[in-house]
2 protein chains.
Amino acid sequence: MLNKSRGRPRGRPRTRERIAEVARQEFLEHGYRGATVRGIAAAAEVDSALISYHFGSKEALFGEVMELQCIGARGLSAAFEGDLAGLADRILDAVTSAWEGDAAAPPGLDGAAMGREEVMIVLRGYLESEVVGRLAEFLGGTDARARATAAATVIGGFIFTRYLNPLPSVQSLSSGEARAILEPSLRAALAPRVPRRPYARMGA
Amino acid sequence: MLNKSRGRPRGRPRTRERIAEVARQEFLEHGYRGATVRGIAAAAEVDSALISYHFGSKEALFGEVMELQCIGARGLSAAFEGDLAGLADRILDAVTSAWEGDAAAPPGLDGAAMGREEVMIVLRGYLESEVVGRLAEFLGGTDARARATAAATVIGGFIFTRYLNPLPSVQSLSSGEARAILEPSLRAALAPRVPRRPYARMGA
DNA sequence: ACCAGAATTCAAACGTGCTGAATAAATCCC
DNA sequence: GGGATTTATTCAGCACGTTTGAATTCTGGT
């Protein structure tokens with residue numbers, strides 16, 4: 001189909017990078033839907049199966065090249081370090097500062113280049129792999145996955161109701177207030193699951 | 001493909017409504033991605049092209065069907081009645097049964113087609129007025145609004161990560177597991193805000 | 001020099017959402 | 001009534017994303 005002489009090519013033709021560059025252009029020009037795997041492969045002068053081979057899926061390719069890694073693996077892992085008591089605070093800190101652009105402002109989320117659909121795709125991949133995956137790994141233990149999943153829905157809900165589909169009540173909070181209001185929920189999500197004890201009642 | 005004699009059928013088979021009902025079940029059972037147009041069509045004993053014909057697209061079908069879910073979930077305030085200790089459980093119950101239950105679809109299906117965008121708008125309005133508004137009113141006190149806002153982000157995150165933009169980890173839970181996993185977070189959101197006491201540490 | 005593995009092309013298949021053409025009934029208009 | 005139009009349906013098929021298996025060729029380690 002490409003008639004480019006079968007087999008591994010000589011040297012180190014940075015094919016993966018070439019695909020990524022082309023893909024970025026195509027995504028920006030035509031959007032997620034408009035850009036096709038076959039089209040990207042053609043533009044990169046490569047067989048389309050190579051995209052699955054190198055990136056796994058169109059979504060993963062999109063997530064990688066549009067790396068607005070909502071926090072970035074580094075930032076999030078950094079938040080993991082430390083005691084469990086402060087974990088919720090550190091994560092909320094990382095999330096708000098990533099989305100409200102202290103330093104490295106994640107591009108395009110407030111409008112611009114990406115549509116809702118694209119953002120949701122990236123966010124989904126991010127929550128699933130970065131948050132659920134890494135956090136469960138960090139927490140360890142039998143209930144790690146349950147705790148990480150709960151944390152992901154709280155964090156996802158925060159991003160959703162504050163940035164993606166903002167509720168007035170959530171959007172109007174200062175980032176400090178938002179953190180303070182949400183911290184108990186995230187802390188509870190992260191807490192080890194204890195068999196419910198009868199005296200562990202909630203205050204009046 | 002269905003060998004059901006071509007052309008318009010006799011009488012007035014309420015095909016459109018039948019498709020909508022089946023689609024709702026399928027979407028709730030398998031999520032947006034998991035439910036397929038062909039599967040819905042097969043379950044409704046109809047050719048799959050009819051879905052495009054009647055609804056325009058899978059997304060529009062989803063939007064139309066899910067709007068009803070949002071509106072149907074307005075019976076939430078019934079969950080407010082009762083003691084504070086069980087409030088989180090009752091709310092999660094109401095939410096999951098509204099989104100997964102088998103309440104008959106109210107009439108009025110034939111109307112404007114809605115996309116995901118519109119679903120988000122409806123959901124936003126719902127969370128803001130129904131959850132934040134009424135819940136704050138129910139809770140009362142100075143921190144009522146903060147608690148209701150926290151609850152809205154947890155509930156919104158739940159709907160978001162389970163139904164709207166489903167994460168595998170969240171979608172794959174049974175509704176019982178989902179409730180159990182999320183209950184601590186919602187309970188914490190609803191709890192009165194106490195001035196942080198130094199011994200109020202989180203377990204191990 | 002050898003061999004395991006990585007990188008690539010190719011062909012074929014599968015299930016997806018969707019469209020265009022054909023067809024048949026219902027409805028409208030004179 | 002009867003022709004024209006609209007509406008509801010089936011069917012055949014497209015382009016897509018993805019997977020698989022095989023064939024091929026190069027790289028890296030020993």
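Quick caveat, the model's predicted, so the values are computed rather than measured. Lettering follows sequence order; numbering is per chain, from 1.
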Which residues share a salt bridge (charged side-chain N to carboxylate O under 4.0 Å, His left out) with [X], sequence neighbours left out:
X        : answer
B/Glu26  : none
B/Arg134 : B/Glu130
A/Glu177 : none

Charged N to carboxylate O under 4.0 angstrom, B/Asp89 versus B/Arg179?
->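 Judged by the 4.0 Å cut-off on N to carboxylate O distance, B/Asp89 and B/Arg179 do not form a salt bridge.
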
For atom [atom1] of [X] and atom [atom2] of [N], their distance in whole Å:
X        : N      : atom1 : atom2 : answer
B/Ile19  : C/dC18 : CD1   : P     : 13 Å
A/Arg38  : D/dG17 : CZ    : P     : 7 Å
B/Glu17  : D/dA8  : CD    : P     : 11 Å
A/Ile121 : D/dG17 : CD1   : C1'   : 13 Å
B/Asp47  : C/dG17 : CG    : P     : 13 Å
B/Ile40  : C/dC18 : CD1   : C1'   : 14 Å

Could you tell me which residues satisfy side-chain hydrogen bond (donor to acceptor under 3.5 Å, both in side chains) with A/Arg145, sequence neighbours excluded, listed by chain and number?
->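 Result, side-chain hydrogen bond (donor to acceptor under 3.5 Å, both in side chains) vs A/Arg145: B/Ser169.
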
Show the atom names and distances, to 0.1 Å, of all donor-acceptor pairs under 3.5 Å that link a side chain in residues 8-19 of chain A to residues at least two apart or in another chain.
unit_1	atom_1	unit_2	atom_2	d
A/Thr15	OG1	A/Pro13	O	2.7
A/Arg16	NH1	A/His54	O	2.9
A/Arg16	NH2	A/Glu64	OE1	3.1
A/Arg16	NH2	A/Glu64	OE2	2.3
A/Arg18	NE	A/Ala44	O	3.4
A/Arg18	NH2	A/Ala44	O	3.1

Those residues that, when tested against A/Ala41, pass side-chain contact (heavy atoms from CB on, under 4.5 Å) (two or more places apart) =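 Applying side-chain contact (heavy atoms from CB on, under 4.5 Å) to A/Ala41 gives A/Ser48, A/Ile51.
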
Taking side-chain contact (heavy atoms from CB on, under 4.5 Å) as the test, write out the residues that go with B/Arg90, two or more places apart.
->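 Scan of B/Arg90 (side-chain contact (heavy atoms from CB on, under 4.5 Å), adjacent residues dropped) gives B/Ala79, B/Asp83, B/Leu87.
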
Under 3.5 Å, which protein N or O atoms sit close to an N or O of nucleotides 26-30 of chain D? Give each pair with its distance.
unit_1	atom_1	unit_2	atom_2	d
D/dC26	OP1	A/Arg10	NE	3.1
D/dC26	OP1	A/Arg10	NH2	2.8
D/dC26	O4'	A/Arg8	O	3.4
D/dT27	OP1	A/Gly11	N	2.8

For residues 48-61 of chain A, which residues have at least one heavy atom under 4.0 Å from DNA chain D?
->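 Contacts with DNA chain D under 4.0 Å: A/Ser52, A/Gly56, A/Ser57, A/Lys58.
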
Mind running a 4.0 Å heavy-atom check of residues 29-37 of chain A against DNA chain D and sending the residues that fall below it, in number order?
->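 Result for residues 29-37 of chain A: A/Ala35, A/Thr36, A/Val37, sorted by number.
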
Less than 3.5 Å between a donor and an acceptor, one on the side chain of A/Arg6 and one on the base of D/dT24, is that the case here?
->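 No, the side chain and the base share no sub-3.5 Å donor-acceptor pair.
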
Where does the angle between the aromatic ring planes of A/Phe160 and B/Phe160 fall among parallel (under 30°), tilted (30 to 60°) and perpendicular (over 60°)?
->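 Plane angle under 30°, so parallel.
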
Salt bridge (charged side-chain N to carboxylate O under 4.0 Å, His left out) contacts touching residues 149-176 of chain A (sequence neighbours left out) |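 Sorted result for residues 149-176 of chain A: A/Glu100-A/Arg162.
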
So which pairs with a foot in residues 36-45 of chain A pass salt bridge (charged side-chain N to carboxylate O under 4.0 Å, His left out), sequence neighbours left out?
->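 The answer is none; no pair qualifies.
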
